[in-house]
Amino acid sequence: MTGHPPTHLITGNAELVAAAAHWRRCAAVTLDTEFMRTDTFYPRLALVQVSDGDTAWLIDPVALGDLSPLGQLLADPNVIKVLHSCSEDLEVLHLALGCRPAPLYDTQVAAAMVGHGFSLGYSALVKRLLDVEIGKQETRSDWLQRPLSAAQLAYAAADVHYLFPVYRQLVEAGARLGRADWIAAEMAAILAQAAQETPPEQQYRRVKGAGRLRPRDLAALRELAAWREGEARRCDRPRGHIVNDVELLALVQARPVERAALARIGDLRPRTARDYGTELLAALARAAAVPAAEFPEPLEEPLSRTARELVRACRDWLAERAGEFGIAPEMLVRRVDLEQLARSWSGGAPQLPAVLATGWRRDMVGAQLLDFVRAWSSTSP
């Protein structure tokens, strides 16, 4: 498949209804989105691309008042929705339409599971499988501008046009290797994970540097981060534009109780103190009233030297096993999961992390990994 596909720009509701009816008669469609998120908390959907393998449709949400026919396609269990590196697309589509595309097929993940390496970009994958070069000139362009340029439209169409033959090749490879069920399970897990949101009261765990804090300080950080999350969502501004992580930690350390004290915190921007001083002091006051019994548990301390050596040994062993199966080792387990295993080993009872205790990963390496850990324990210093 080469050249420019037939392309239709959809700006009217009747066009969208007719196109969606056609897509829902397909076994699979390829899908992509263009959005902007430079100075907002929420991504702003600018374009949705759909292809049936022959024609590319570019859906203009700026011109359309009703995207519900597209939502019906996303929810149709009889049509596979094919995307590449879908995490951000899932977020923006859910925000715009209230649903996520299911059943899902992510070509980046599938490629990693059949031997093409981890986190391969779309252009690189198209080049590898189809020997087609795709330009990247429009990646950072303004997708909310109207009218869209001819170059933008061509770029957007290519994002779904070449995805179809890539999808077909990956499906064939998955079947040939006996991994179709593995891939399907991974897609279901991606959708399940996308549906899980971090509640505001748990946002403190994502603040860089939180792991060094004591429980009392974590209680203060919890209040501050929860307030910031609510304010960012309310104002539709990035978290860091409200209060950045460095400022949160500085406030936790200084514990000011009056506005004048805010000016003495070196890492606090004057604008932050001016615009949000009252709210920040109120959050710290709420934290000061939290009884010790309700302090957050300390975040996990750094691993011991021996536990870190075990993590490295497990990673090397898993990489060797992944090589035998022709699968990207990163698809098997994350470092944080191996650290969890190492902590349980340090406690005297090594346990597989959940990701390795069920499904295809358990069948491939789960039980053998525990055997490896026990054997390593008997020979390590």
message = Name the residue from Leu213, Leu224, Asp217 that meets the side chain to side chain contact (heavy atoms under 4.5 Å, CB included) definition with Leu249.
response =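 Considering Leu213, Leu224, Asp217, a side chain to side chain contact (heavy atoms under 4.5 Å, CB included) with Leu249 is found only for Leu213.
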Could you state the interatomic distance from [atom1] ([X]) to [atom2] ([Y]), rounded to the nearest 0.5 Å?
X: Cys99; Y: Gln72; atom1: SG; atom2: CD; result: 9.5 Å
X: Leu248; Y: Arg239; atom1: CG; atom2: CZ; result: 11.0 Å
X: His241; Y: Thr40; atom1: NE2; atom2: OG1; result: 9.5 Å
X: Leu120; Y: Lys127; atom1: CG; atom2: NZ; result: 13.0 Å
X: Phe372; Y: Cys314; atom1: CZ; atom2: SG; result: 5.5 Å
X: Leu97; Y: Leu95; atom1: CG; atom2: CG; result: 9.5 Å

message = Please evaluate residues Val82 and Thr107 with respect to the criterion side chain to side chain contact (heavy atoms under 4.5 Å, CB included), reporting the C-alpha separation (whole Å), side-chain torsions for both, the decisive distance (0.1 Å), and the verdict.
response = CA-CA 7 Å; Val82 182; Thr107 52; 3.7 Å; yes
Would you check if [X] and [Y] make a side-chain contact, meaning some heavy-atom pair closer than 4.5 Å?
X: Gln202; Y: Tyr204; answer: yes
X: Ile242; Y: Phe41; answer: no
X: Thr7; Y: Leu58; answer: yes
X: Leu70; Y: Val48; answer: yes
X: Arg269; Y: Glu247; answer: yes
X: Glu330; Y: Ser119; answer: no
X: Ser51; Y: Leu163; answer: no
X: Phe35; Y: Leu144; answer: no

For [Y], does its backbone N or O pair with a side-chain atom of [X] as donor and acceptor, under 3.5 Å?
X: Arg362; Y: Leu356; value: no
X: Gln49; Y: Ala156; value: yes
X: Glu15; Y: Gly12; value: yes
X: Tyr122; Y: Asp159; value: yes
X: Arg146; Y: Trp143; value: yes
X: Lys81; Y: Ala75; value: no
X: Asp236; Y: Tyr42; value: yes
X: Arg206; Y: Gln203; value: no
X: His116; Y: Arg128; value: no
X: Arg264; Y: Ala254; value: no

request  = Describe, in one word, how the ring planes of Trp57 and Trp23 are oriented to each other, choosing from parallel (under 30°), tilted (30 to 60°) and perpendicular (over 60°).
outcome  =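 Ring orientation of Trp57 relative to Trp23: perpendicular.
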Which atom of [X] lies closest to which atom of [Y], heavy atoms considered:
X: Val79; Y: Cys26; answer: CG2-O, 3.4 Å
X: Arg286; Y: Glu223; answer: NE-OE1, 3.1 Å
X: Ile10; Y: Leu16; answer: CG2-N, 3.7 Å
X: Val109; Y: Met331; answer: CG1-CE, 3.7 Å
X: Ala46; Y: Val62; answer: O-CG2, 4.4 Å
X: Ala194; Y: Leu90; answer: CB-CD1, 3.8 Å

Does [X] [atom1] have over 12 foreign heavy atoms under 6.0 Å away?
X: Glu88; atom1: CD; value: no
X: Glu201; atom1: CD; value: yes
X: Arg321; atom1: CZ; value: yes

With a 4.5 Å cut-off on side-chain heavy-atom distances among I, L, V, M, F, W and Y, is there a chain of contacts connecting [X] to [Y]?
X: Leu73; Y: Met187; answer: yes
X: Leu299; Y: Val336; answer: no
X: Val171; Y: Ile327; answer: yes
X: Val252; Y: Val290; answer: no
X: Trp182; Y: Phe118; answer: yes

message = Determine whether His84 and Asp32 satisfy the following criterion, side chain to side chain contact (heavy atoms under 4.5 Å, CB included), listing intermediate values before the conclusion.
response = CA-CA 8 Å; His84 184 85; Asp32 190 30; over 6 Å; no
task = Test side chain to side chain contact (heavy atoms under 4.5 Å, CB included) on Val50 and Thr30 and set out the steps.
result = CA-CA 6 Å; Val50 180; Thr30 55; over 6 Å; no
Donor on one side chain, acceptor on other, [X] and [Y], under 3.5 Å:
X: Asp52; Y: His22; value: yes
X: Asp60; Y: Thr11; value: no
X: Gln351; Y: Trp345; value: no
X: Gln152; Y: Gln145; value: yes

inquiry  = Go through it in stages, so that I can follow the logic: the residues are Thr198 and Arg205, the test is side chain to side chain donor-acceptor pair (under 3.5 Å), and I'd like the CA-CA distance, side-chain angles, deciding distance and then a yes or no.
reply    = CA-CA 10 Å; Thr198 303; Arg205 303 178 67 90; over 6 Å; no
Answer yes when [X] and [Y] have at least one side-chain N-carboxylate O distance shorter than 4.0 Å, and no when they do not.
X: Arg168; Y: Glu172; value: no
X: Arg234; Y: Glu229; value: no
X: Asp245; Y: Arg228; value: yes

message = Let's go through Arg24 and Asp76 carefully: what are the C-alpha distance in whole Å and the side-chain angles of both, what is the deciding distance for salt bridge (Lys or Arg N to Asp or Glu O under 4.0 Å) to 0.1 Å, and is it a yes or a no?
response = CA-CA 7 Å; Arg24 295 183 67 183; Asp76 192 327; 2.9 Å; yes
request  = Take Leu170 and Tyr105 through the test side chain to side chain contact (heavy atoms under 4.5 Å, CB included) and record every step on the way to the result.
outcome  = CA-CA 10 Å; Leu170 292 175; Tyr105 192 98; 3.5 Å; yes
